[in-house]
Every structure is written in C-alpha cells, then in structure tokens.
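Chain naming here is simple, since letters A, B, ... match the order of the sequence lines and numbering starts at 1 in each. What you are looking at is a predicted structure, and each value in this text was computed from that prediction instead of being measured.
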There are 4 protein chains.
Amino acid sequence: MRSQSGPDPTRRSERSRRAILGAAVELLGETGYNELTVEAIAARAGVGKQTIYRWWPGKGAVILDALADAAVDVDAQMPDTGDIRKDLYAIVRPTVAELADPRLSATSRALSIETLGDEALAEQVRDRLLRPQFDAVKDRLRAAQRANQVRADVDLDQAVELIFGPMYYRWMFRIGPLSEEYANDLVDLALAALGTDTA
Amino acid sequence: MRSQSGPDPTRRSERSRRAILGAAVELLGETGYNELTVEAIAARAGVGKQTIYRWWPGKGAVILDALADAAVDVDAQMPDTGDIRKDLYAIVRPTVAELADPRLSATSRALSIETLGDEALAEQVRDRLLRPQFDAVKDRLRAAQRANQVRADVDLDQAVELIFGPMYYRWMFRIGPLSEEYANDLVDLALAALGTDTA
Amino acid sequence: MRSQSGPDPTRRSERSRRAILGAAVELLGETGYNELTVEAIAARAGVGKQTIYRWWPGKGAVILDALADAAVDVDAQMPDTGDIRKDLYAIVRPTVAELADPRLSATSRALSIETLGDEALAEQVRDRLLRPQFDAVKDRLRAAQRANQVRADVDLDQAVELIFGPMYYRWMFRIGPLSEEYANDLVDLALAALGTDTA
Amino acid sequence: MRSQSGPDPTRRSERSRRAILGAAVELLGETGYNELTVEAIAARAGVGKQTIYRWWPGKGAVILDALADAAVDVDAQMPDTGDIRKDLYAIVRPTVAELADPRLSATSRALSIETLGDEALAEQVRDRLLRPQFDAVKDRLRAAQRANQVRADVDLDQAVELIFGPMYYRWMFRIGPLSEEYANDLVDLALAALGTDTA
DNA sequence: ACCTAACCGAGACGGTACGTCAGGTCTTTCC
DNA sequence: GGAAAGACCTGACGTACCGTCTCGGTTAGGT
C-alpha cells in the first residue's frame with residue numbers, strides 16, 4: 001500500500017519557488033552560510049516558513065536547489081580547439097578564478113559544508129553540480145586520448161580528478177594562491193602525467 | 001586603562017581541559033558534527049559551560065584542539081627507503097584507508113566543515129594538522145629531486161598537492177572508491193607527472 | 001452601489017451544514033474547547049475549510065450553532081402543577097444533573113467560554129440558549145405570583161437569577177457538589193426569599 | 001526513585017518574575033485575553049520566552065499568578081458594624097461595580113475562561129482568588145447567625161452563593177445592568193431568604 | 001439540452017504564535 | 001579567583017492553525 005501522499009506538486013506556486021531560491025542565493029552572498037536562516041529566507045522571499053518546509057526538508061536542500069538552479073545557466077561547454085592544453089587552460093583558469101573570488105567562493109563553501117555534513121545532499125551536489133563539468137572535461141580528455149595527446153592507458157576519471165583535486169584542495173585548506181599562473185602550472189603538471197610526449 | 005587580562009592560564013584546571021577534549025572527541029564519534037553542541041560537551045565532561053567559553057571561543061575551536069590533541073600521537077614520519085614510489089605508497093595507502101573508514105572519516109569531515117566555515121580556524125587546521133604531513137612528504141620529494149627521481153623544475157608544493165588533492169577531492173564529493181588500488185594508481189599517475197623517466 | 005451579496009443561502013448544501021455541526025459537537029466531546037480547531041472540524045466533516053468560513057465567521061459561531069441546534073430538541077417546557085416548589089424542583093433538578101455530568105457539562109463550558117470572550121456571541125447565547133428556559137421559569141413564577149405563592153413586590157428577573165445564579169456559580173468555580181440534594185436546598189432557599197409565607 | 005528535579009527555585013530571578021507578572025496584567029488590560037500571547041508577555045517584560053516556560057506551564061498559569069499577585073493587595077476585609085444588611089451592601093456594591101467596569105471586568109473574564117477550560121487552574125482560581133472573599137462573607141454571616149440576624153438552619157456556603165451567584169450569572173451572560181440599585185436589591189432579596197424576620 | 005453562476009472538496013498560500021533548543025553571558029556558591 | 005552549576009536573554013527551529021485564495025468538479029436553475 002502506497003499513500004503518504006505529501007503536498008501536490010501540480011498546485012505548487014512557481015512564484016513562491018522562484019522567490020525562495022532567489023532569496024536564498026541573495027542571502028548567501030550577503031551573510032555566511034552559518035548565518036543563513038530559514039526564517040530570513042522566508043522573510044526576504046515574502047513567503048511563509050511553512051511554504052519552505054512544505055517543499056524542502058531544510059536549509060541545506062533549499063540552498064542546493066538554489067545553487068543548482070543558478071548553475072544551470074552557466075553550465076559551460078568544454079571547448080575543443082584540437083589543442084588539449086589550450087582547452088584545459090580555458091576551463092581551469094575561470095574555475096580557479098571563481099574559487100579565488102571571495103563572493104563566488106562563499107557559495108562553494110556553503111555547498112561543500114552541506115556535502116560534508118549530509119550524505120544524501122552530497123550525492124545531489126555531486127550529480128547535479130559537479131558532474132556536468134566533470135563529464136565535460138572527461139569527454140574532452142577522451143577526444144584527446146583518441147588524438148594521441150593523452151596516453152591510452154590513463155583512467156580518465158582519475159585524470160579529471162588530477163586536475164580538479166589539487167585545485168579544490170588548495171582552495172579548501174587555503175594552502176596557496178589561486179592565481180592564473182597557478183592554473184597554468186596545474187594544467188602543465190597534470191598534462192605531464194597524462195601526455196604521450198615528455199614535452 | 002583595562003589590562004584586558006582574561007583568565008590566568010597558570011590556574012587552569014588540566015583535569016577540566018582533558019575532560020572537555022575527551023568529551024568532544026567522544027561525542028564527535030557518536031553523533032554528527034552538526035548535532036554536536038557545546039552544552040552536550042559540557043554535560044559529558046562534567047563541566048560548566050563557562051569553563052568552555054573561558055578557554056575557547058566556540059565549538060569549532062574545541063574540536064580543533066581535541067583533534068589536534070588526538071592527532072599528536074600519530075604524526076607519522078615519512079619513510080625514506082631511497083625508492084620514492086615505494087615511500088609514497090607507504091604514506092598514501094594508510095591515508096586513503098583512513099578516509100575510507102567511516103569512523104575516522106567523520107572527524108575529518110568535522111575538521112573540514114570548520115575549515116570551510118571559519119577562516120581563522122582554517123589557518124589553525126592547516127598549520128597544526130595538515131602541515132606536518134604535508135612538509136614530511138615535501139621533504140621526501142626534495143630528497144627524491146636531489147636523487148634525480150623527480151624532475152628538477154617541479155614545484156614541490158604543487159607536487160604534494162598533486163598527490164593529496166585528488167584524494168581529498170574524491171573523498172569529499174564521494175566520487176569514487178577509496179581503495180588500496182586507487183592509492184597505488186594515484187601515486188603512479190602523480191609520479192608520471194613528476195618523474196624524470198617516462199616509465 | 002455594490003450589492004454586498006455574499007453567498008446565496010438558497011444554494012447552501014444542507015448536507016455540509018449538518019456534517020459540520022455534527023463534527024463540531026463530536027469533537028467538542030472528544031477534546032476540550034481550546035483544542036478544537038476549524039481545520040479539525042472541516043476534516044472530520046469531510047468539508048473544505050472555505051465552506052465553514054463561507055457560512056460562519058469563526059469557530060465560536062459554529063459551536064454556538066451546533067449547540068443551539070442540539071438544544072432545540074430538548075427545549076423543555078416548564079410544568080405547572082399549581083405547586084411552585086414542586087415545579088421548580090422539576091426544572092432545577094435536571095439542570096443541576098446536566099451540569100454535574102462531565103460529558104454534557106463540557107458543551108456548557110464551551111458555550112460559556114464563547115460568551116465570556118466575545119460580546120456578540122454572548123448575546124446570541126443569551127437569546128438563543130438561555131432565554132427560552134429563563135423565560136419559561138419567569139412565566140411560571142408570574143403565575144405563582146398571581147396565585148399569591150410569590151410576593152407581589154418581587155422582581156421576576158431577579159427571582160429567576162436567584163435560582164440559576166448560584167447553580168452556575170457553583171458549577172463554574174467547582175465550589176461544591178451538584179447533587180439532587182443541592183438542587184432541592186437551592187429551590188427551598190430561593191423560595192424562602194420569594195415566598196409569601198415563612199414556610 | 002524521585003528525581004526529575006526541574007529548575008532550582010532558589011536561583012529564580014525575582015526581577016524577571018515581577019516583570020513577567022507585571023507585563024501580563026498590563027497586556028491583559030490593553031488587549032483581550034484571546035489576543036494575549038506568551039511572546040508578547042516576554043517581549044514586554046524584557047525576558048526570554050524560556051524564562052516563562054521554565055516557571056509556568058503556559059499562558060493561563062501566568063495570568064492566574066499575575067492576577068493572584070495583584071489581588072493580594074486588595075483582599076478586602078469584611079466590615080462588621082453589627083448590621084448585616086449594611087455590611088453586605090458594603091461588600092456587594094463594590095464587587096458589582098468592579099464587574100460593571102469594562103476595564104476590570106476583562107481580567108475577570110480572562111480568569112473565568114481559564115477556569116472553565118482547565119480543571120487544575122480552576123482549583124487554583126477558586127482557592128487563591130475567590131476563597132478569601134468567600135470566606136470573609138461566610139464569617140460575617142456566621143456572626144450574623146449568632147446575632148440571630150440569620151436563621152440558624154441556613155447553610156452558610158449556600159448563603160454566600162445566593163449572594164455571589166446571581167451577580168456572576170448576570171455578569172457572565174450579560175443579562176441585565178450591574179448598577180448600585182441592583183446590588184442593593186440583590187442583598188435585600190438574599191436577606192429575605194436568610195433573615196429571621198419577614199421584613 | 002445546454003449554459004453559467006455558485007457552491008463544493010481540497011489544499012497551497014502568507015502569516016502568527018507556539019513550545020523547544022542551543023548559544024553565549026551572568027550570577028551564585030563552593031573550594 | 002577558578003570552577004561547577006545553572007538561570008538568564010536571545011533568536012532560530014520546525015509545527016499547528018489561522019483565514020484567504022485558487023483550482024477543478026459538481027449542481028442547480030434559467031434559457
């Protein structure tokens with residue numbers, strides 16, 4: 001027997017949904033993640049708290065939705081100029097720049113905190129926010145592999161992690177600067193591991 | 001002119017300090033980080049809340065101290081057998097295993113959440129918990145560089161990050177398994193980037 | 001000029017009306033007055049909330065209607081045997097018994113709460129629920145006055161209050177038992193005040 | 001095993017207690033009982049809500065305490081001039097006047113609503129607020145009984161109720177005016193029932 | 001036999017207050 | 001004067017209902 005109906009999604013107010021997600025990202029920019037409260041989101045959105053709790057289990061889920069919603073627009077495509085190094089520069093540089101920007105970085109931190117604290121949310125974050133970019137890079141590397149610019153025996157998942165991993169690590173623990181020079185060096189170092197030639 | 005004295009550290013109760021740190025790690029193991037409260041720590045430690053607030057600014061600082069305290073004992077030394085690959089296996093495998101262990105991993109997540117949410121704590125975490133291991137690996141790589149096992153032009157900081165970054169990235173976003181095989185492959189891939197030979 | 005129409009009573013669903021009033025009395029019996037909610041009435045009656053708010057201004061009005069509806073059947077007539085004492089016993093005893101019954105008393109309490117809290121409802125309660133009985137007793141006393149069983153100078157309103165007042169007072173503040181013996185004594189005492197003879 | 005300690009009354013802040021009770025009576029005067037909220041009391045008193053809930057189970061109990069506290073000062077003594085009629089005038093007239101005053105009456109209504117809705121509070125109200133006056137009148141009637149101004153066979157409890165009952169009844173259901181003339185007539189009528197003489 | 005106006009069930013909505021929880025501060029009492 | 005204990009003010013939590021509103025789906029008369 002299946003019942004347990006819950007609210008009826010067809011009756012959901014799109015107006016309220018957008019107001020809530022909008023208010024969430026706004027407030028996330030203005031205050032830190034820890035300072036962000038459901039009450040503030042509701043107030044800013046001009047919405048009753050119940051309307052939030054009716055559709056989301058809690059603050060983390062709202063933020064995830066808000067960020068996923070905001071990210072949809074910018075789901076950048078991976079360029080393919082034929083030169084894998086150049087293309088990686090093109091994708092890594094702006095990502096590094098984004099992490100270096102205190103404003104944009106704040107949302108990433110919020111996201112990461114959620115990810116660390118809640119396994120279910122972690123899956124959502126991984127699949128809805130990270131995966132698109134991850135797969136885009138992976139596809140580009142596969143093409144490079146076919147073009148003999150990347151060794152055939154390289155595991156492409158590990159290859160992508162070799163690029164993004166150090167970047168997030170440096171960002172997360174604030175180990176060093178996130179400059180354009182760093183982005184270039186990172187790509188060069190990774191390609192040294194992946195490339196067919198020693199150059 | 002107020003002397004801004006604050007409490008007198010010489011009169012501090014070592015008994016209370018240890019009870020608090022002990023209670024913190026215990027509770028961190030029993031419940032998640034978000035569920036951990038200062039009140040619970042005080043109650044478990046048989047201590048007044050004020051005694052915590054007298055000596056630490058907040059929950060994060062207590063946990064950091066607690067973990068740093070616990071970590072002191074295990075501050076592993078980096079081996080040096082002359083074979084850099086073998087030595088990296090020896091350090092990366094147990095680290096990966098630790099992240100794979102749900103019990104031990106929980107404390108790392110707690111740490112990371114603090115790191116993400118509080119810049120001051122991030123520095124503490126970086127310097128007191130990560131740095132020792134980081135520097136140990138860096139020293140070992142420097143030796144390898146001198147032994148011509150690592151290219152001379154490699155930036156050693158980036159080199160260390162190339163090893164630890166992907167590992168934390170995979171752990172943080174739960175991207176893939178953290179197996180011993182993964183540890184080996186990671187080291188191999190990193191050494192492909194760093195090594196003087198193509199092998 | 002707006003016609004200020006409001007809902008059209010001719011189209012009102014008698015089915016819903018009865019279901020609502022029925023649900024109200026049921027719930028009043030099951031839970032206290034304060035715990036009674038419009039939502040619960042609507043749910044129990046299988047009715048939309050709007051159907052309640054369309055026809056009644058609020059919970060109090062619904063309850064009043066429900067109780068008035070239920071009371072219609074029992075609007076007892078005052079007997080007239082010629083013996084005023086005997087007739088007063090006949091009306092006071094069951095009224096006391098009703099107040100003594102926890103089940104029936106609950107509705108009276110609900111009624112009284114409304115009365116106390118809302119002046120407009122108080123008038124309704126007074127006129128629709130109390131007045132019939134009040135006037136019946138008053139008429140009977142007038143007859144007794146004509147029969148020289150009650151002093152001619154007695155104000156009949158005050159006379160009725162002299163009987164019902166102490167009864168409700170005792171009930172309301174739970175001052176003493178509401179037994180048949182009490183009912184008899186009350187009538188005797190009141191008649192001592194009203195009667196032409198000392199007996 | 002008995003524990004379940006609850007808060008320690010010796011540590012209770014007298015300052016907060018008085019502020020809360022004061023705010024409660026103030027607000028009761030400004031708004032109706034139904035409009036009175038715990039949050040408003042806390043805000044007005046400059047007190048945390050928790051401090052209210054720590055010491056009282058809910059709004060009703062606070063109000064009861066507040067009114068009992070306020071009533072303590074005015075716990076009028078019953079005069080004894082030797083003339084029972086005159087003395088009853090002296091006590092009934094101001095009581096009627098108080099019920100006639102919309103301002104003072106509001107608190108009585110609040111009290112009564114609590115009384116009707118909560119049995120435990122009813123006992124408190126009866127014992128702490130009503131009883132003193134009730135007993136004072138009863139004592140005075142006992143003296144009158146000894147002075148042969150009241151019949152020896154009269155039950156004094158019922159006698160007191162014969163006076164207060166009609167008064168509250170008229171007030172509660174807004175049956176008629178609560179004038180000084182009414183007060184006099186009520187006393188006269190009651191004494192007709194109680195007196196040794198027919199006059 | 002259709003039309004159309006309005007009631008109906010349902011339930012989402014913006015709100016208010018609830019009673020609870022934890023934060024960080026302040027006070028009391030003891031050692 | 002530090003420490004245990006715990007009351008205090010504060011403010012967010014998640015829930016329960018409020019009274020309003022909007023949505024299809026019945027019901028009526030009225031034509």
Side-chain angles (χ1 to χ4, degrees), chain A residues 5-13 15-17 19 35-43 45-55 57-59, chain B residues 5 7-13 15-17 19 35-40 42-43 45-59, chain C residues 5-13 15-16 19 35-43 45-55 57-59, chain D residues 5-13 15-17 35-40 42-43 45-55 57-59:
Chain A
S5 52
D8 178 352
T10 68
R11 299 203 160 203
R12 183 168 188 178
S13 161
R15 181 184 219 293
S16 294
R17 191 184 142 270
E35 286 67 43
L36 186 59
T37 66
V38 173
E39 295 207 328
I41 296 174
V47 142
K49 274 200 290 178
Q50 197 57 241
T51 301
I52 294 181
Y53 285 111
R54 181 155 30 230
W55 301 110
K59 153 171 108 162
Chain B
S5 55
D8 177 355
T10 67
R11 307 197 59 171
R12 182 170 189 178
S13 161
R15 183 184 216 291
S16 294
R17 192 185 141 270
E35 285 67 43
L36 188 61
T37 66
V38 172
E39 296 207 326
V47 141
K49 274 199 293 179
Q50 194 55 239
T51 302
I52 294 182
Y53 284 110
R54 185 157 26 234
W55 300 110
W56 290 274
K59 156 171 105 162
Chain C
S5 54
D8 177 354
T10 68
R11 309 198 61 171
R12 183 169 187 179
S13 161
R15 182 183 218 291
S16 294
E35 284 68 43
L36 187 61
T37 66
V38 172
E39 294 209 326
I41 295 174
V47 140
K49 276 199 290 178
Q50 195 56 243
T51 302
I52 294 182
Y53 284 110
R54 188 167 13 241
W55 301 110
K59 152 172 109 162
Chain D
S5 52
D8 178 352
T10 68
R11 301 207 155 196
R12 183 170 188 176
S13 161
R15 182 182 217 295
S16 294
R17 192 185 141 270
E35 286 67 42
L36 187 61
T37 67
V38 173
E39 295 207 326
V47 143
K49 273 199 293 178
Q50 197 57 242
T51 301
I52 294 182
Y53 285 111
R54 180 156 30 233
W55 300 111
K59 153 172 107 163

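- Here dT28(E) presents its P atom at 14 Å from CD of Gln50(B), a figure rounded to the nearest Å.
- Rounding to whole angstrom units, CZ of residue Arg15(D) and C1' of dC9(F) are separated by 12 Å.
- For the pair Tyr53(D) OH and dC8(F) P, the computed distance is 16 Å after rounding to whole Å.
- Toward the 5' end of DNA chain F, the nearer of the two residues Arg54(D) and Pro57(A), judged by each one's closest nucleotide, is Arg54(D).
- For the residue pair Ala45(C) and Ala19(C), the shortest heavy atom distance occurs at CB-O, 3.5 Å.
- Positionally, the nearest nucleotide of DNA chain E for Glu39(D) lies more toward the 5' end than for the other of Ala40(B) and Glu39(D).
- One finds the CZ atom of Arg12(B) at 5.5 Å from the CH2 atom of Trp55(B) (value rounded to the nearest 0.5 Å).
- A donor-acceptor contact under 3.5 Å is not formed by the side chain of Arg11(D) with the base of dT27(E).
- Between the side chain of Lys49(B) and the backbone N or O of Ala42(B), no donor-acceptor pair lies under 3.5 Å.
- At a cut-off of 3.5 angstrom, counting only N and O atoms as typed in the model, there is no donor on one side facing an acceptor on the other between the side-chain of Lys49(A) and the base of dG15(E).
- Put simply, Trp55(B) has a side-chain N or O that comes within less than 4.0 Å of OP1 or OP2 on dA3(F).
- One can place CD1 of Ile52(D) at 13 Å from C1' of dT10(F), the figure rounded to the nearest angstrom.
- Side-chain nitrogen and oxygen atoms of Ser16(D) include at least one within less than 4.0 Å of the OP1 or OP2 phosphate oxygen of dC9(F).
- The side chain of Ser13(D) contributes no N or O atom lying less than 4.0 Å from OP1 or OP2 of dT27(E).
- Heavy atoms of Gly58(D) sit nowhere under 4.0 angstrom from any nucleic acid atom.
- Regarding Arg17(A), its CZ atom lies at a distance of 12 Å from the P atom of dC13(E), rounded to whole Å.
- Mapping Glu35(D) and Pro9(C) onto DNA chain E by nearest heavy atom places Pro9(C) closer to the 5' end of the strand.
- Between the CG atom of Leu36(A) and the C1' atom of dC13(F) there is a distance of 14 Å, given to the nearest Å.
- Among the heavy atoms of the strands, none lies under 4.0 Å from Lys59(B).
- Remark: the backbone N or O of Thr37(C) is not paired with any side-chain donor or acceptor of Lys59(C) at under 3.5 angstrom.
- Nearest-nucleotide mapping onto DNA chain F: of Val38(A) and Arg12(D), the residue sitting toward the 5' end is Arg12(D).
- Summarising the geometry, atom CZ belonging to Arg54(C) is positioned 11.0 Å from atom CD1 belonging to Ile52(C); distances are rounded to the nearest 0.5 Å.
- Contact annotation: Thr51(B) side-chain N/O to dA3(F) OP1/OP2 distance is not under 4.0 Å.
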